[in-house]
Amino acid sequence: MLRYTLRRLLWMIPIVLGVAILVFTLMTFCPGDPAQILLSGSATDEDIQALRDNLGLNDPYLVRLGNFLGNTFLKFDLGSSWMTKVAIKDEIATRLPRTFTLGIISLLISVAVGIPLGIIAAVNQGRLGDNIATALALIGASIPGFWLALLLILLFSVKLNWLPSMGIGGVKYYILPALTGCTYGIATLTRQTRSSMLDVIRSDYITTARSKGVSELHVITRHALKNALIPIITVVGTHFGMMLGGQMITETIFSIPGMGSYIIGGVNQRDYPVVQIGSIFLAIVFSLSMLVVDLLYAAADPRIKARYSQSAKRKVKTK
Amino acid sequence: MKTLTRRDFLKVASIGSASAAALLALASCGSKGGETAGSSAGTNTNTGTGTNASASTGSTASNATVIEDVQQAAAETVETESDILDELTIGMGGFYTSLAPVRNGNYQWQIFVRYLFDRVIYRTGDRRYIGQGAKEWSVADDGVTYTVELYDYITDAEGNPVTAEDVVWMIEESIAAKQKACYAKIDTVKVIDAKTFEVKMKSDVAENFEICMASTYLVARKAFEASADGFATASVTTAPYKVTEFVASNSCAMELRDDYWQKEELLPPELKNRVKKLTYKTITEVSQQQIALETGVVDAFASINATIVHSFEENNAYQVLSAPGAVGQNIYCSGHESRPIASDVNLRRAIFTCLDVDGLIKGAQDGRAEPMHDFVPRTSTGYVTKWDNEDYFVYNPEKAKEYLKESNYKGEALILSGGTSVQKVAQLIQGYCLAVGINIELQIEDQALLSTHANDGSTWDLALSNQGNGLINVWTNRFDNTAYAMGDAMSRHDDELQELLEFTWQVKNFTEENIDKVHKYIMDNAYARGLYLPFTITVQRADIPLTTPIIASSGEIDYPASAYTL
């Protein structure tokens, strides 16, 4: 397992490099001149060219790419935002915990609600419980996030005055954004859990367990759910990765200065360093979350664990 | 597998509908502003006798006030005595991402900056330049060499002295950063002694020196160099406030310094400081701006989105204050030889006379703007007041059709370029033009994309642009044909206009008569026209005891400088 984990970590190097080159190239060829944006509307061509020289924008593409990769991966110099002059590592250090907290709370709510709902739907297939769970999942998947956010704010902040409507602070500031962010997760997890559980619930070993007199709760939680977990783990992992990178709308509505708004702001202002480093950072976090997903596969299914171990041994023998 | 029966379906549907209805009903209960305004606007301390100066002139609704020239009135009437507010939280729609002083001009005139850094010279809301760090300044006979004497007791929040050396260093840093265009007009700058420095401008263009000095913040070099990020996240201020907490793109909390360098009696009304704790919160989402006011998250919202202002106008718990902004909405015609409009004055006149500005104001600004009589707003330095009473491209579709007949226009589509913020007005212009037979194709782009060809007249026929902050500023930005590689900002080379401009913008020739000649020349040739000047709207809770609002050059209310009666 350790070898497998190390091998996966090594595989992240080309992935992250690939993301870095891709994002750098996209930003380079994306129309819009950062020098003009930085100088606002009153700059002359001479001023703009001088600033382009200062920023290295007039260098050939390969020179700039080499400088960027060298600074980032060899010198670990993440640079500063062109617009604000703030060091990107400092910005990430302050913003990532907010996005991470929001992602974790959303994920916990999604898992705590989505999986039980999916199980209820599966064990009550075709009955009222199933219909309610399916309807809720459909509503959850269909409701636009920004609309739900405003309804939640009107109810819990304006009308009931229970929760803050915006800003950052303690955990209570994250409840409404997390509820907004978890709706889609609950919906997808409910549907996925229901589908996976239905696949295993009719298996022979479930029938055998029931015939042996094992309690229904035990059958569902120990025998059925454990074997249905693999696709559920995949959905949870993907959802978490998306939560880290795709919280722009939630962060904007709730005035949370997180990673999503940081990167989108960088794109709008053609602040290349912010977009490049921010994207690389998210690629790393996403890759790590996918690695955790794979390791959870092994924890959930001994066959996969054995396969990982054999695969690692084969590689050693080949060498 | 059991199928869903009709009964089951009805059960699910009824439960779902009931839940949704309950959520919506509960939510909608709080959606209207109501007559109350959340928590109180902070506690207050009575430390003075107060003033009863009139708040404003003009009024539209019971709680909506249009501030006309209140800053001038205020400057004359507000004495140093006023009550002091303990705390005020103000919302703003734009991001404030950094406290760094060496930045581009986008944030230059924002009111927020005044509370962080004092400047060599301060520009007031009515476009006067008054000394802030500068005790006095004079110009030599050559018209380009200025000598500035600073107060000799300027210190920052850490007690570091700010001398002429620091100011000259700051100017040199700003020149090197090349992020503010005004610094390109400086030839040399040098220290004379600890409190005096000399600036030599490249030419004697009116207002250039003043703009440069108003752009130069007082910063102690020692403190700046000790900062790891150039004051971006933690700045040592020279202004009356010190930053107690700053979260980029979210909030900035400031507290009045008790060791502010300037003596109270030497502070002009525009630079008074009557709020002890000041917090700015960034709220970009429009609905949240309204909710923030309703729930007491903020006491006032500056430059609030015009689309939600009506929610507060009939609510006595709030007061709506409008003031003319600093930049107006203009339309420019391409001067590039490849565009037919460049050589067709009748086509340009037809376009300008077919636009109903009142209609544009109602349609694009919800009525919250005023028509312009030049391409600079009336709030600009150099604006000639007699223009207000003169005809300026009067809306006349029949006349427009006559101009069109005299033009060489053959029905081809003209490209109207603009940013996403002007999409609505662009669509209205398209409609007005179509009504007289002119086809317009819209080219609406995000700001980053637009900036790549905004000054390239070969890529558009008409362009919408916000301009202001002084007549000279607009002349040099838009009509100076030496400013850009292709000519002026419309890619035009009009030698006669250039000669007129170069004569008029010299300090000695910057007279009403000469300015009027430029105005008439541009109007006769229909190169550009001003459309409307949007109001800067602030909504505040009615329990803020504001008696005389002071308006900053950005059009926003300068709350610390304003007067209060508790």
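Within every chain, numbering begins at 1; the chains are lettered A, B, ... in the order of the sequence lines, protein sequences first and strands thereafter. Fair warning: this is a prediction, and the values are worked out from it, not measured in the lab.
Residue A:Phe146 does not touch chain B at all, counting heavy-atom pairs closer than 4.5 Å. Residue A:Ile253 touches chain B through both its backbone and its side chain, counting heavy-atom pairs closer than 4.5 Å. Both the backbone and the side chain of B:Ala248 come within contact range of chain A, each with at least one heavy atom under 4.5 Å from a heavy atom of that chain. For a residue to count as touching a neighbouring chain, one of its non-hydrogen atoms must lie under 4.5 Å from one of that chain's; by this rule B:Val247 touches chain A with the side chain only. Residue contact with chain A, scored on non-hydrogen atoms closer than 4.5 Å, involves the backbone and the side chain of B:Ala292 alike.
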Pair A:Glu251-A:Ser261, side-chain hydrogen bond (donor to acceptor under 3.5 Å, both in side chains): steps then yes or no:
CA-CA 6 Å; A:Glu251 286 177 4; A:Ser261 52; 3.3 Å; yes
Test ring-ring contact (aromatic ring centres under 6.0 Å, His included) on B:Phe375 and B:Phe479 and set out the steps.
CA-CA 11 Å; B:Phe375 46 82; B:Phe479 299 103; 4.9 Å; yes
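Counted by atom type alone, A:Ser81 and A:Asp271 present one or more donor-acceptor pairs between their side chains at under 3.5 Å.
Per-residue heavy-atom pair counts under 4.5 Å with chain B were compared for A:Ile153, A:Thr134, A:Leu136, and the maximum is reached by A:Ile153.
Residues passing the side-chain contact (heavy atoms from CB on, under 4.5 Å) test with A:Phe24 are A:Thr28, A:Tyr61, A:Arg64, A:Leu65, A:Phe68, A:Gln276, sequence neighbours excluded. Partners of A:Arg191 by salt bridge (Lys or Arg N to Asp or Glu O under 4.0 Å), not counting sequence neighbours: none found. Every salt bridge (Lys or Arg N to Asp or Glu O under 4.0 Å) that A:Asp130 has, sequence neighbours left out, goes to A:Arg194.
Listed in order of number, the residues of residues 86-98 of chain A that approach chain B to under 4.5 Å between heavy atoms are A:Val86, A:Glu91, A:Arg95, A:Arg98.
In this pair, A:Trp162 and A:Phe156 present their aromatic rings tilted. The plane angle is within the 30 to 60° band.
A:Tyr184 OH: 12 or fewer foreign heavy atoms inside a 6.0 Å radius.
B:Leu449 approaches A:Arg270 most closely through the heavy-atom pair N-NH2, 4.1 Å.
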